[in-house]
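This one's a predicted model, so the numbers in the text were calculated from it and none came from an experiment. First listed ligand is number 1; within each ligand, the first listed atom is number 1. Throughout, numbering of the chain's residues begins at 1 and tracks the sequence.
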Amino acid sequence: MSFESLGLSPVFTSSLKTLGFEDATPVQAAAIPAALKGHDLMVSSQTGSGKTAAFMLPALQRALADTAEKPAGRGVKILVLTPTRELAMQVSDATRSYARGLRQCSIATVVGGMPYGAQIRILSRRPDVIVATPGRLLDHLQARRVDLSQVQTLVLDEADRMLDMGFIDDIQAIVAQTPAQRQTLLFSATLDGTVASLAARMMREPQRIEMARPRERHTHIEQNLLYADDFAHKSKLLDHLLRDVDLKQAIIFTSTKRAADDLAGRLSEQGFMAAALHGDMNQRQRNRTITRLQRGQVQMLVATDVAARGIDVQGISHVVNFDLPMQAEDYVHRIGRTGRAGRSGRAFTLAVHGERHKIRRIEQFTGQSLPPQIVAGLEPQRTPRPGAGKPRRAPGGKPGFRARPGGRSEPARNQDKPRWNSRRDDRAAAARRA
Ligand code: AMP
């Protein structure tokens with residue numbers, strides 16, 4: 001569907017043409033007309049679906065596009081809250097490109113881990129748009145450095161993730177300083193549970209737009225599961241995967257910061273252009289690494305969940321889960337780093353036999369089964385493969401992979417507990433490690 005037919009002004013449609021956006025994505029086609037009418041919206045959509053334009057274009061049009069006839073006055077008109085610094089910066093960059101035809105649109109990115117001085121300066125100039133992580137914005141609000149009384153549109157981006165990260169009190173304190181008659185646009189992977197109760201508290205008769213249920217997600221990403229006996233076996237499988245001739249760039253996920261550093265170090269020693277990305281790095285180091293990834297100077301990024309969330313680099317052809325995510329939904333966020341902007345992508349998940357229950361949780365969450373596959377010559381030794389036939393090509397897979405006969409097999413018994421695998425399935429501990 002064309003952007004013109006959604007009711008967007010020429011000032012935006014021409015910017016979108018320059019960006020090479022020909023047609024609206026499904027979430028844009030559904031959300032933009034409803035948001036332009038001023039409705040509150042609760043939208044579920046997958047990462048990489050074009051959701052940033054879906055909320056930002058109507059917000060900009062309503063707040064700023066007609067400033068020529070009706071001067072909008074100074075003050076923050078659009079406030080976007082995001083869970084992570086990386087996502088905030090990405091939303092700010094996208095906003096700059098969508099707003100390039102506007103006479104007036106200043107954007108402040110207000111995130112933790114960055115110096116206060118520059119943020120204080122830009123806030124004192126009363127920006128039109130603020131894109132922020134909740135904690136740092138609340139600091140500025142408490143110091144009375146920002147006034148939210150003119151906000152017309154409030155966006156809660158990846159609301160489920162903000163709630164998971166414990167931002168509920170900060171969000172409520174921030175929202176309390178915005179006008180009650182504002183428009184609220186909530187985007188989230190899921191719209192149920194805590195997200196629904198948040199929405200009930202702060203939205204007015206929201207329209208629900210459900211773009212993709214878990215079972216429909218990521219059909220353009222080929223998902224593979226490989227069982228390994230132990231750490232050494234996983235490392236060999238990883239080495240094999242990274243030598244795929246179709247690999248352009250890859251993100252490899254580990255569960256701890258230390259594991260990310262160790263693995264990035266090992267890959268660099270093997271001659272790969274590898275780098276780590278995790279929460280122990282300061283913002284400048286993280287930005288530098290992401291820029292190098294965007295420029296293709298980093299081919300293998302070894303990352304933890306929080307640090308890699310929101311990364312949008314179209315060259316990412318492969319995602320490898322070297323360690324399993326703690327939460328099933330993180331699996332969806334991880335694999336969504338590939339297959340960006342309608343491209344196809346490949347995701348590989350390495351698991352030890354004792355982690356079958358986690359695989360089942362992921363399967364339940366996504367509604368898709370992950371049939372185990374085997375790399376010829378690198379088969380796991382610990383689980384016998386009764387009646388293994390000739391290697392066969394896995395659906396959508398490459399020669400050398402074969403689906404395990406009979407699909408899921410019984411969990412292997414008497415397994416050694418893998419030495420790097422913590423048994424604690426505790427969110428707080430996971431957040432500290434990541
Ligand atoms: P998002 O889900 O907002 O993170 O967007 C994912 C990617 O899709 C980004 O690289 C956008 O620049 C790109 N994108 C968004 N909308 C469109 C569109 N209508 N046509 C082509 N690419 C788009």
Point to revise | For T13, side chain to side chain donor-acceptor pair (under 3.5 Å) partners two or more places apart | key: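 For T13 there are no side chain to side chain donor-acceptor pair (under 3.5 Å) partners, ignoring immediate neighbours.
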
**Study point:** Derivation and outcome, ring pair (Phe, Tyr, Trp, His ring centres under 6.0 Å), residues Y331 and F365
**Key:** CA-CA 9 Å; Y331 172 84; F365 183 79; 9.0 Å; no

Review point. Can the positive tip of R136 be found less than 6.0 Å from the middle of the six-membered ring of Y116, inside 45° of the ring normal?
Key: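 Yes, R136 sits over the ring of Y116.
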
Enumerate the atoms of ligand 1 whose separation from the nearest heavy atom of [X] is less than 4.0 angstrom.
X    : answer
D23  : 18 (C), 19 (N), 20 (N)
T52  : 1 (P), 3 (O), 4 (O)
F3   : 19 (N)
Q314 : 10 (O)

Practice item. List the steps and the verdict of ring pair (Phe, Tyr, Trp, His ring centres under 6.0 Å) for F231 and F322. Key: CA-CA 10 Å; F231 183 81; F322 190 78; 5.8 Å; yes

**Study point:** Heavy-atom side-chain proximity of L277 to I311 below 4.5 angstrom
**Key:** yes

Purely on distance, is any nitrogen or oxygen of [X] under 3.5 Å from one on ligand 1?
X   : value
G20 : no
Y98 : no
E22 : no

**Study point:** L19, portion touching ligand 1 at heavy-atom distance under 4.0 Å
**Key:** neither

**Study point:** For A59, all residues meeting side chain to side chain contact (heavy atoms under 4.5 Å, CB included), sequence neighbours excluded
**Key:**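 For A59, the residues satisfying side chain to side chain contact (heavy atoms under 4.5 Å, CB included) (neighbours in sequence not counted) are I78, T153.
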
